[in-house]
Amino acid sequence: LAGLMALSTYFATESKIIRSEANQTIPIIIQHGTNDPVVSFSLGEQAKESLSNLNYNVTLQSYAMEHSVCAEQIIDIKLFKRSKFKY
């Protein structure tokens, strides 16, 4: 895998994750709206903390939005993809 993007989500399988050296260097980006009424922003923060505690390379990006996408986020997705794939 070139990377993992988690958008407006939470870490539902946290208690079952098994850390593996094979995927230790995969960059992980969590993107979440700070005003999300469906999946609380704090759940995104908890996911970042849990993955960081497992020594994964994880970044949390926040946006002033609800449970949706915004133009700023689309740009960040594009930048992340460009950094992983040369096209």
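For this chain, numbers begin at 1 and follow the sequence in order. Below, all heavy atoms of this structure are taken into account, side chains as well, without hydrogens, waters or symmetry copies.
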Tell me who clusters with Y63, hydrophobic residues only, linked when side chains sit under 4.5 Å apart either directly or through other members. M65
Stepwise, does the side-chain contact (heavy atoms from CB on, under 4.5 Å) test hold for F80 with T59? CA-CA 11 Å; F80 180 72; T59 302; over 6 Å; no
Are side-chain heavy atoms of Q24 and R19 found at a separation under 4.5 Å? yes
Is there side-chain contact between D36 and E66, with heavy atoms separated by less than 4.5 Å? no
Shared hydrophobic cluster, I30 / L43 (ILVMFWY, side-chain heavy atoms < 4.5 Å): no
Mind checking whether L1 and N23 have side chains closer than 4.5 Å, heavy atoms only? no
With the side chain counted from C-beta on, respond yes when P27 and K84 share a heavy-atom pair under 4.5 Å apart, and no when they do not. yes
Shortest non-hydrogen contact between N35 and A64, atoms and distance: ND2-C, 4.0 Å
Approximate separation, where rounding is to 0.5 Å, of S20 OG and I26 CD1: 8.5 Å
How long is the gap from CD on Q46 to CG on L60, to the nearest 0.5 Å? 11.5 Å
Sub-4.5 Å side-chain heavy-atom contact between I28 and Y56: yes
Could you give me the CA-CA distance, side-chain angles and deciding distance for I17 and L54, then say whether side-chain contact (heavy atoms from CB on, under 4.5 Å) is met? CA-CA 9 Å; I17 189 126; L54 292 169; 3.5 Å; yes
Starting at CD of E14, measure out to CD of E49 and round the result to the nearest 0.5 Å. 9.0 Å
Do I29 and Q31 have side-chain heavy atoms sitting under 4.5 Å apart? yes
Please tabulate, for side-chain N and O atoms in residues 4-12, each donor-acceptor pair with protein atoms closer than 3.5 Å (sequence neighbours left out).
none

Reported CD-to-OG distance for the pair E72 and S62, which is rounded to 0.5 angstrom: 8.0 Å
Heavy-atom side-chain contact between T34 and H32 under 4.5 Å: no
